Amino acid sequence: MSAFDRLAQPIRKWIRGRGWREMRDIQVRATEAILGSEADVIVAASTAGGKTESAFLPLLSDVIDRPSDAGGFDLLYIGPLKALITDQAERLTSICEWTDLPVTPWHGDVPQGVKGRAIKAPGGVLLITPESLEALFVRRGAEIARLFAETRAVVLDEMHTMLGSERGVQVQSLLTRIELARGHRLRRVGLSATLGDMDLARAWLHPDDPGAVLLLVAQGGGSELRLQVKGFVAGKEGAEATERRVAADLFTRLRGTSNLVFAGSRGNVETFADHLRQLCETQALPQEFFPHHASLSREHRSFLETRLKKGSLPTTAVCTSTLELGIDIGDVTCVAQVGAPFSVAALRQRMGRSGRRAGAPAILRQYAIESAVEAAATLPDRLRLGLVRAIAMIDLLLKDHFEPPATGALHLSTLVHQILSVIAERGGTSAARLHHVLCRAGPFRAVDAALFGEVLRALGRPETALIEQAADGLLLLGREGEKIVEHHSFYAVFQTPKEYRLFEGGHELGTLPVEQVLAPGMLLLFSGRRWRIMEVDDRDKVILLTPSLGGKAPVFGSAPGIIHDMVVARMFALLEGQDVPIYLDETAADLLAEARAAFRHMELDRRPIIERGPGAWTLATRAGTALTATLALALQARGFTVAAHDGFLEADSETRDIRSVLEEIRAAQGEPEVPAEATLAFEKFHPNLTRNLLLYDALSARLKFGEVPALCSGLLSSSEDMSSSNLQDYS
DNA sequence: GACCTGCTGCGGTTTG
């Protein structure tokens with residue numbers, strides 16, 4: 001029987017109505033896998049590859065041909081974005097045209113009435129965010145078993161966003177809790193365009209039996225890739241003039257077509273959008289360049305998304321990662337990247353937005369801006385680390401190597417969240433039951449009973465008061481716990497900063513973080529236009545703006561970027577190599593030659609430690625951000641001031657010698673050494689834990705003291721032969 | 001030296 005014939009009659013009718021000549025290969029294979037087995041399935045296909053249909057045509061067929069008598073939702077879909085859920089619900093409603101299966105989108109913008117009706121008569125497909133599912137547990141814990149009693153499968157969309165993230169652990173935990181409530185397993189179907197390590201993806205989907213997960217990868221689809229790296233040197237003209245030259249190049253290359261320009265930060269998005277707007281104005285051309293980032297109003301963002309999707313007018317979005325994944329914005333001619341990205345995985349995701357039409361190439365224009373090098377130039381300037389990283393990223397992209405998600409983290413912040421959620425769901429529970437639900441059946445398997453007890457005691461401290469224990473031993477929400485769980489901000493496992501809202505007239509333009517100093521009279525670039533601040537209301541967190549002629553991009557706040565070991569290793573290979581990639585323009589090639597000359601001149605090709613001056617050293621760690629930062633902490637704990645760059649550390653001390661201190665650190669055998677002033681609280685519920693627990697969490701995720709002794713050995717090795725990795729232990 | 005994601009229930013008022 002052909003795959004088409006295995007589908008239910010109403011589904012076949014819908015397919016014929018589409019006028020499809022045949023099903024795609026991935027859809028045929030998914031139909032056979034889903035209808036021919038009970039196994040979990042991963043469907044890996046590009047964004048336009050028909051993943052959603054691959055999963056839902058057979059899943060819906062199964063529901064139609066083998067209807068269940070019990071009530072409850074037949075299929076569950078979890079998606080990371082509200083806009084994606086709205087889109088997918090429309091597509092599924094169309095597919096279900098000839099069936100009587102309801103399709104219910106469920107997120108914060110869905111009206112209460114729709115949700116009320118779905119709870120009263122659950123059935124068909126429920127499409128929901130992780131946060132709204134969390135809210136169901138907290139508010140309607142007793143009804144979970146009824147709602148999902150006979151659910152056939154859960155579809156996990158954009159699965160790559162879940163791997164290694166706090167939100168992914170939350171989803172894993174919620175799925176186990178559904179299974180425990182209804183008493184049997186829930187089949188999982190994962191969808192993604194960009195999964196690096198398939199074994200990790202399998203293990204995430206089915207931790208107890210990764211080998212049983214069927215993996216379906218779409219064939220081909222790899223369109224031709226055209227690349228250029230353009231170098232720019234900021235000379236005496238200053239930074240702004242250089243930005244203008246980059247903007248002028250973008251204007252010439254992109255005008256008249258639709259494109260995405262990834263500018264790296266919200267501040268840069270505003271800066272380049274402003275330059276490009278001015279170029280349109282000067283030449284009396286209609287506006288076709290618009291900014292897009294998370295702080296802009298929903299209204300402005302949807303205007304731009306709709307314009308891109310319609311494709312009738314040339315449109316270039318200057319954007320941050322807001323346009324990296326999610327809803328279908330159609331095909332763009334070219335992806336431009338200003339400055340090096342932070343991961344190959346993100347670059348790959350971005351490239352997926354271009355070259356989607358059959359026969360059209362994917363085009364990447366990489367812009368690298370470097371400073372003019374003078375005698376006092378900094379290490380990153382002399383070694384052209386921005387350009388070198390951009391080339392390393394492209395190199396890895398071409399080889400199809402990208403960063404695997406981090407594994408092995410304890411995720412204690414999300415554990416705290418789930419402890420509160422399970423207690424709220426059941427109105428109270430025992431410590432043993434909690435440990436079973438979350439750490440044995442659930443995703444927190446690295447947390448043993450002793451560590452779990454320490455977490456519970458931290459939450460029960462009088463000053464924390466998240467939980468308390470009744471006389472019979474039952475764990476209940478404490479005074480603060482009640483407050484936190486009651487508020488709607490509880491449902492998300494990630495944290496968001498407080499923000500000002502920006503208005504012009506009664507019209508909201510977007511938001512800015514409250515940390516920065518803003519005062520009336522200041523000039524601002526925002527939402528692609530220029531403003532003067534009229535009024536700052538600190539109580540209501542509102543800022544009133546009026547149009548002006550000047551202005552500069554605001555500071556949106558920052559977090560350190562994390563570069564993987566694999567990228568830094570590639571950067572060193574480039575610095576030590578001779579080859580000049582053919583996709584470099586003349587300036588970029590000159591800059592790479594300068595970087596290589598500087599690398600040799602500093603003798604970094606021969607020695608891992610060089611002395612910049614008395615009490616000032618440069619170390620070539622050749623490691624990514626995590627390990628380099630860990631060594632930096634150990635040096636700081638011993639009185640050094642340090643500055644970290646990709647694969648390098650600059651360490652200064654007036655009293656200590658770097659070699660003897662590295663010997664000491666090596667002798668400490670990976671014992672953590674963290675200066676008292678270093679913060680270890682990064683995640684939403686971290687402030688409720690003890691410093692000791694935060695250290696455990698950091699050691700499991702972002703600090704690598706275990707690798708420090710080997711790193712020290714490599715640095716101390718007197719070998720002149722640097723061809724073998726200095727990360728090996730020579731002792 | 002960075003980015004992104006999410007949100008319930010209830011009480012009061014208005015409208016047909």
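The chains referred to below are lettered A, B, ... by the order of the sequence lines, with proteins before strands, and numbering in each begins at 1. Because the structure is a prediction, the values reported are computed rather than measured. Both backbone and side-chain heavy atoms feed into the values below; hydrogens, waters and symmetry mates do not.
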Among B:dT8, B:dC7, B:dC4, which is the nearest nucleotide to the side chain of A:T320?
B:dC4
Given B:dC4, is OP1 or OP2 found less than 4.0 Å from the side-chain N or O atoms of A:T161?
no
Euclidean distance, atom CG of residue A:L323 to atom P of B:dT5 [Å, nearest integer]:
10 Å
Select one nucleotide: of B:dG6, B:dT8, B:dC3, the one nearest the side-chain heavy atoms of A:T496.
B:dG6
Value in whole Å for how far the C1' atom of B:dA2 lies from NE2 of A:H293:
13 Å
Please tell me whether A:H645 and A:E650 have a donor and an acceptor in their side chains that are separated by less than 3.5 angstrom.
yes
Establish, with yes or no, whether the OP1 or OP2 oxygen of B:dC4 is under 4.0 angstrom from a side-chain nitrogen or oxygen of A:R301.
no
A:I128 has an atom CD1; how far is it from atom P of B:dT8, in whole Å?
9 Å
Can A:S413 and A:E166 be counted as having a side-chain donor-acceptor contact under 3.5 angstrom?
no
Expressed in angstrom and rounded to an integer, what is the separation of A:F494 atom CZ from B:dT5 atom C1'?
4 Å
Minimum-distance nucleotide (side-chain atoms of A:S489 versus B:dT5, B:dT8, B:dC7)
B:dC7
Can you tell which of B:dT5, B:dC4, B:dC7 lies closest to the side chain of A:Y491?
B:dC7
For A:P341 and for A:Q112, locate the closest nucleotide of DNA chain B by heavy-atom distance; then report the residue assigned to the nucleotide nearer the 5' terminus.
A:P341
Tell me which nucleotide among B:dC4, B:dT8, B:dG6 gets nearest to the side chain of A:S321.
B:dC4
Whole angstrom is fine here: how far is it from CG in A:L174 over to P in B:dG6?
16 Å
Nucleotide nearest A:R140 when distance is taken to its side chain, options B:dC7, B:dG9, B:dC4:
B:dG9
Tell me whether the rings of A:F640 and A:W617 are parallel (<30°), tilted (30 to 60°) or perpendicular (>60°).
tilted
Any side-chain N or O of A:K684 below 4.0 angstrom from OP1/OP2 of B:dG6?
no
Distance in angstrom units between A:H487 NE2 and B:dG9 P, rounded
14 Å
Could you tell me whether A:K115 atom NZ has more than 12 heavy atoms of other residues or ligands within 6.0 Å of it?
yes
A:F137 atom CZ is separated from B:dT8 atom C1', nearest whole Å, by 16 Å
Taking every non-hydrogen atom, the tightest pair across A:M159 and A:G190:
SD-CA, 3.6 Å
Would you please indicate if the ring centroids of A:Y491 and A:F137 are separated by under 6.0 Å?
no
Answer with base, sugar-phosphate or nothing: what part of the nucleic acid does A:G264 contact at a heavy-atom distance below 4.0 Å?
sugar-phosphate
Which nucleotide in the set B:dC3, B:dT5, B:dG9 lies at the smallest distance from any side-chain heavy atom of A:R139?
B:dG9
Ignoring backbone atoms, test whether A:T322 places a side-chain nitrogen or oxygen under 4.0 Å from the OP1 or OP2 oxygen of B:dC3.
no
Please report, rounded to the nearest Å, how far the P atom of B:dC10 is from the NZ atom of A:K115.
13 Å
Measure from the side-chain heavy atoms of A:S265 and tell me the nearest of B:dT8, B:dC3, B:dC7.
B:dC3
